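Following: one structure in structure tokens, then a few remarks.
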Amino acid sequence: MIELIEVAERARTGPRLEEKKWNLTLFRKMQELIKEYDLSSRGVEEFINTDDHLADDAFEAALDFIVDVGAYCITTNRVIHFDEEEVRKAVREAPDQVLMGEGIDARVFKQGIVDGCKPININPGHHAPFTEDLGPLVAKNFAQIPRTDFIEGFNFPIVDGRDVYDQPLEAYAAIREVAWMREGVRKAGRPGLAIVLYPISTRASSLIAPMNPKLGLRPTDGLLMSTLPDVKVEYDHITTAIVFSNYGYFAVNGSFGMAGGFCGGPEGAMIEGIVRPIIGYIAYGDSLHYTGVEHLAYVMGERIVLHPVNWARSVVFQALSRNTNMIYMEWNITCSELCTETGLLENALRSIEATVNGAALYAPRVSRARMNAGQTPVEPEFMIEVSDATVKAKLKREEAGKILQQIADRLKGRSPEKGKTIQECYDLVKHKPSNEYQEIYRKVKKDLVDLGLEFQYT
Amino acid sequence: MLKTSDYITRLREAIMHYDADEATKVAKEALKAGVDPVEAIEKGIAVGIREMGERFQRFEIFLPHLVMASDATTDAMEVLVAAIPEDRIGLVKRGRIVVGTVEGDLHDLGKNVVVMMLKSAGFEVFDLGKDVRTEVLVERAQELDADLIAVSSLMTTTRPYQRELVEELVRLGLRDRIKVLVGGGPVTREWAEEIGADGYGRDAVEGIAEAKRLLGVDE
Ligand code: B12
């Protein structure tokens with residue numbers, strides 16, 4: 001693998017380029033590659049791709065992008081170049097499994113298998129905003145979910161009654177975040193469970209602050225260190241990566257392509273969704289990647305956009321599965337808010353889709369989450385149930401795609417539903433959803449049974 | 001001999017095909033043929049770029065298309081504005097806006113959308129990028145004699161820099177001259193009022209309406 005310090009050096013000495021020029025170069029190259037490899041989604045009706053050649057072509061297009069264009073460092077406004085051999089070697093060497101956590105709570109997080117009909121790895125949550133009073137209690141509730149492989153921290157606007165703002169407070173808040181997480185997993189009776197630091201800010205100071213094997217992050221824990229959209233990286237993360245990788249921590253990369261952004265439509269986003277995990281591994285040493293394709297309007301919580309975004313996402317997963325060892329995940333975000341039927345339907349769609357594509361499932365959350373209204377333990381519990389039911393039904397891509405189509409029909413024409421806060425629909429002391437949420441849960445589950453899923457518990 | 005309406009159509013189409021060279025060429029030809037530059041801007045360029053903004057809103061085109069269309073707009077505008085006599089310049093000037101994402105914040109997708117939509121509404125926009133320190137926002141606004149600073153913040157931890165901006169303008173005695181428009185995920189109307197900003201937009205469309213209100217543009 002190219003050493004991280006070598007990446008740092010190239011970021012410092014590579015050719016200079018204005019950011020705006022980079023953005024347009026990226027767009028043009030994506031357009032060119034879509035044509036060259038014939039990756040258009042036009043005419044595709046499937047929700048899940050079944051054309052393996054197309055997945056392989058998308059992968060080659062992504063490699064071409066990295067070799068011909070590279071990555072962009074926003075700190076130095078320079079382009080980082082890699083040659084083909086370096087990139088192919090990195091792809092071969094990227095780990096296909098990560099051992100995380102300690103003692104009996106240790107878990108192996110692996111690359112899934114397309115059409116594998118195997119249970120997948122799970123991160124049940126956080127990566128959402130909560131207030132400090134809920135901190136350890138929320139963490140405990142998520143750690144109580146049995147299938148949890150690791151849990152991630154969360155962000156909060158106030159710590160010890162003070163605004164979290166500027167470097168000193170950000171570093172302090174990062175330390176508190178990890179302390180609450182550790183307290184939470186202990187209270188759940190799983191002290192060894194792996195924790196992933198959710199950055200309060202991405203300054204190196206606040207990322208490195210909570211590193212402490214006794215009270216903070218242990219070397220069997222991890223941190224979120226995402227590449228930026230449009231294949232960009234930055235110094236603070238390279239610095240942090242150099243520090244953390246020296247001590248054995250693992251790192252997670254948010255790397256989906258954003259349809260509607262500079263990469264263009266779903267096809268450009270598809271190439272970006274393959275490029276960024278590779279860049280994340282090379283530039284930051286990331287080994288888990290939540291990737292795929294999302295749509296600007298969906299992320300903004302404005303509109304439930306499905307096909308062909310689902311299709312493009314499946315191409316990303318399949319391309320990574322077939323051509324790399326990399327561990328990829330799907331972020332289970334929903335436009336609709338908590339305690340809504342639409343929210344659970346969106347969740348189900350992604351849970352089935354991820355499982356069939358061999359993607360681990362990552363942090364279900366409302367896409368534009370309000371404070372204390374991003375997630376409850378209900379969504380991950382539901383996500384796991386649906387994923388396991390998909391495995392039990394031995395659903396393969398084609399059949400699963402048809403079910404997705406039916407779920408999509410139910411969502412058609414619906415606007416994102418407004419919902420509740422966690423306190424309004426979940427009892428964190430009793431670890432129990434409100435009656436209303438339970439009702440909705442049962443209703444959606446029944447709906448899925450009618451579509452052919454078989455749940456272990458009714 | 002081409003008619004005024006032909007030049008106007010060609011200008012609009014050049015913008016809608018992101019063709020900066022063609023837009024500049026047609027602008028020059030139009031002037032030579034005696035077309036009123038104000039009319040060429042209002043009926044040709046402005047209509048073209050506004051249509052592109054609407055297409056983006058409907059997600060029919062994407063950010064890079066809007067960037068290219070607005071580059072074409074800027075180039076053609078340069079030619080046409082230079083030909084407008086001083087006393088009529090007010091007819092096409094809608095105000096100068098400095099935009100940026102606040103310090104510590106690297107989220108720029110929303111800001112980019114706002115920049116492009118403001119441009120498509122005919123404002124003169126200077127995009128300072130992301131992670132921009134308050135002093136820089138203020139300095140550039142002064143240098144450019146801007147009417148408005150529009151700031152984006154996507155994190156509760158960076159939102160306080162919007163307050164800092166208002167305070168800095170007050171401290172420098174610039175508050176009456178430069179208006180402040182705020183937006184981004186954790187930003188609300190209540191927050192805007194609390195910090196004494198002049199306007200707030202939940203999304204780019206609201207942002208444009210606010211900018212028009214603040215700069216006295218009526219349509
Ligand atoms: C995409 C994203 C990222 C991308 C950013 C890419 C980029 N170049 O912008 C990446 C992965 C890099 C990222 C990184 C981080 N992110 Co982030 N990110 C998001 C996400 C999912 C979407 C934001 C987005 O782009 N939306 C699409 C655009 C088009 O919408 P928008 O920004 O809301 O803009 C619209 C309106 O708000 C408005 N608007 C915006 N600005 C302005 C300005 C004016 C003047 C006006 C009028 C209107 C206006 O108009 C826009 C268009 O309609 C949000 C969650 C969410 N759904 O909002 C989290 C979110 C913003 N991120 C968050 C965090 C914490 C981070 C990180 C610290 C941790 C991490 N995830 O790694 C880092 C921080 C990096 C940094 N130093 O800034 C938190 C912020 C929490 C908080 N403290 O408040 C959020 C809310 C997620 C959460 N946990 O709930 N993130």
Side-chain angles (χ1 to χ4, degrees), chain A residues 18-21 23-28 30-31 74-75 77 129 131 155-159 163-167 169-170 173-174 199-203 206 226 228-230 232 234 236-237 258-266 268-269 295-303 305 368-371, chain B residues 18 20 55-71 74 101-116 126-134 153-164 183-188 191 195 202-206:
Chain A
E18 233 182 280
E19 189 165 350
K20 186 177 164 194
K21 289 217 174 98
N23 294 340
L24 289 180
T25 306
L26 175 125
F27 173 63
R28 294 205 179 97
M30 294 301 188
Q31 297 300 102
I74 59 163
T75 323
N77 296 111
T131 45
N155 55 276
F156 39 96
I158 295 173
V159 65
D163 279 349
V164 179
Y165 160 43
D166 226 341
Q167 294 201 36
L169 261 291
E170 285 166 9
I200 295 297
S201 90
T202 45
R203 292 192 236 254
S206 69
S226 300
L228 292 157
D230 313 322
K232 292 172 188 169
E234 43 135 353
D236 279 279
H237 271 6
M258 187 83 91
F262 283 112
C263 58
H295 194 283
L296 213 55
Y298 197 100
V299 168
M300 278 161 68
E302 205 174 277
R303 193 148 59 82
V305 188
R368 190 169 178 168
R370 291 181 289 130
M371 183 55 65
Chain B
Y18 332 110
R55 283 191 191 173
F56 176 79
Q57 263 316 268
R58 296 195 297 267
F59 294 106
E60 289 165 13
I61 57 169
F62 310 119
L63 260 184
H65 299 110
L66 221 43
V67 172
M68 293 185 295
S70 97
D71 282 353
T74 310
T101 302
V102 297
E103 179 176 347
D105 206 324
L106 301 178
H107 295 91
D108 62 358
L109 286 162
K111 185 268 300 165
N112 290 341
V113 173
V114 171
V115 165
M116 288 305 145
F126 295 83
D127 180 5
L128 305 192
K130 51 189 171 282
D131 192 8
V132 187
R133 293 210 326 279
T134 305
S153 151
L154 260 283
M155 302 198 284
T156 51
T157 47
T158 58
R159 198 177 68 161
Y161 289 107
Q162 295 185 336
R163 186 203 298 273
E164 200 179 278
V187 180
T188 58
W191 167 257
I195 65 170
R202 189 184 187 280
D203 52 33
V205 174
E206 262 188 49

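Per chain, numbering begins at 1; letters A, B, ... match sequence-line order. Since we're looking at a predicted model, the values are computed, not measured.
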Report which part of Ile200(A) has an atom under 4.5 Å of a heavy atom belonging to chain B: side chain, backbone, both, or neither.
both
With a 6.0 Å cut-off on ring centres, are His65(B) and Tyr18(B) close enough?
yes
Atom group of Asp236(A) that falls short of 4.5 Å from chain B, counting heavy atoms:
neither
Only counting residues at least two apart or in another chain, list the ones meeting side chain to side chain donor-acceptor pair (under 3.5 Å) with Glu164(B).
Tyr165(A), Thr134(B)
Chain A: which of Leu109(B), Val113(B), Val67(B) shares the most heavy-atom pairs with it under 4.5 Å?
Val67(B)
Residue part contacting chain B, namely of Arg370(A), when any heavy atom lies under 4.5 Å
neither
Relative to chain B, which of Ala259(A), Ala297(A), Gly264(A), Ala369(A) shows the most heavy atom pairs under 4.5 Å?
Gly264(A)
Side chain to side chain, Gln167(A) and Ser206(A), heavy atoms closer than 4.5 Å:
no
Heavy-atom distances under 4.5 Å only: say whether Ile74(A) touches chain B with side chain, backbone, both or neither.
side chain
Looking only at atom types and distance, does a side-chain atom of Asn112(B) sit under 3.5 Å from a main-chain N or O of Asp108(B), one as donor and one as acceptor?
yes
Best-contacting candidate, Arg159(B), His107(B), Lys130(B), against chain A by heavy atom pairs under 4.5 angstrom
Lys130(B)
Specify the closest pair of heavy atoms between Val164(A) and Leu169(A), including all atoms of both residues, with the distance to one decimal.
CG1-O, 4.1 Å
Heavy-atom pairs under 4.5 Å with chain B, option from Gly265(A), Cys263(A), Pro229(A) with the top count:
Gly265(A)
Are the side chain of Asp131(B) and the backbone of Gly104(B) linked by a donor-acceptor contact shorter than 3.5 Å?
yes
